[in-house]
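Quick notes on the structure that follows.
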Amino acid sequence: LVKWRSLPYVNCTWETALTLVGDQQALRQFRAFEAAPSPLELRVTAQGSRPPRSNWHKLKASPVFKSGNKLRPYQLEGLNWLLFSWYCRRSVMLADEMGLGK
C-alpha cells in the first residue's frame, strides 16, 4: 500500500515492487525504520545505560542544522531542559502555549 505525497489517504494505491523501481532508496529507508533495533541500540536504551547526571552540560549556543538553521533562544532553552531531564532519567513532554506535545 502506497500513500502518495500531497494526496489524501483515500488515494492510496496497491503497488508492486516493480512499479516502484525508481523509489528503491525510499524503500530501503522504510525497511531500515521498520527493522528491529540492533543489539547496540537495545543496549543503549536499556535501563540504567544513560550517562550520569554529572555529565550534563548546558548548551550555550544552538547546534547548526540543515541549511545553516539555528534554534531560537526559547527553543534552545527547551532543548536544554529536555537534555537535562533525560540525564536525570525523568520522562517529560515539552508543550507550547497551545498544549501541543513536541
Side-chain angles (χ1 to χ4, degrees):
L1 185 63
V2 176
K3 197 282 187 195
W4 301 98
R5 263 188 228 148
S6 302
L7 292 177
Y9 282 97
V10 73
N11 292 354
C12 290
T13 58
W14 289 101
E15 303 294 333
T16 65
L18 293 175
T19 307
L20 303 171
V21 170
D23 294 313
Q24 292 303 307
Q25 178 62 27
L27 287 172
R28 280 192 291 279
Q29 285 178 325
F30 172 76
R31 288 191 181 112
F33 286 129
E34 289 294 307
S38 70
L40 174 63
E41 290 171 320
L42 288 174
R43 228 176 310 125
V44 168
T45 59
Q47 182 79 6
S49 64
R50 294 182 191 178
R53 180 178 176 176
S54 59
N55 283 13
W56 179 76
H57 64 281
K58 186 175 183 176
L59 297 175
K60 304 226 185 290
S62 169
V64 179
F65 297 97
K66 189 175 185 179
S67 301
N69 293 326
K70 293 183 179 182
L71 296 176
R72 294 186 171 106
Y74 66 90
Q75 292 172 316
L76 183 59
E77 181 181 350
L79 178 59
N80 276 315
W81 179 76
L82 286 171
L83 286 169
F84 179 74
S85 298
W86 185 80
Y87 273 91
C88 292
R89 293 174 173 79
R90 239 185 291 161
S91 296
V92 297
M93 181 187 302
L94 184 61
D96 61 13
E97 65 276 0
M98 294 177 66
L100 305 173
K102 304 291 178 223

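Everything quoted here is computed from the prediction, not taken from an experiment. When a residue number appears, it is its place in the shown sequence, counting from 1.
When the shell of 6.0 Å around CZ of F65 is examined, it contains more than 12 heavy atoms from other residues, nucleotides or ligands. Heavy atoms of other residues, nucleotides or ligands lying less than 6.0 angstrom from NZ of K3 number more than 12. Atom CZ of R31 has 12 or fewer heavy atoms from other residues, nucleotides or ligands within 6.0 Å.
Smallest separation of non-hydrogen atoms from Y87 and P52: CD2-O, 3.5 Å. Of all heavy-atom pairs spanning L59 and N80, the tightest one is N-OD1, 2.7 Å. Among all heavy-atom pairs drawn from F84 and W56, the shortest one is N-NE1, 3.4 Å.
Listed by chain and number, the residues in a ring-ring contact (aromatic ring centres under 6.0 Å, His included) with F30 amount to none (sequence neighbours excluded).
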Sequence neighbours left out, cut at 3.5 Å: what donor-acceptor pairs do the side chains of residues 70-77 make with other protein atoms?
residue: Q75; atom: OE1; partner: R72; partner atom: N; Å: 2.8

When the side chains of residues 5-17 are checked against the rest of the protein, which donor-acceptor pairs come out under 3.5 Å, sequence neighbours left out?
residue: T13; atom: OG1; partner: W4; partner atom: NE1; Å: 2.8
residue: T13; atom: OG1; partner: E15; partner atom: OE2; Å: 2.6
residue: T16; atom: OG1; partner: T19; partner atom: N; Å: 3.4
residue: T16; atom: OG1; partner: T19; partner atom: OG1; Å: 3.0

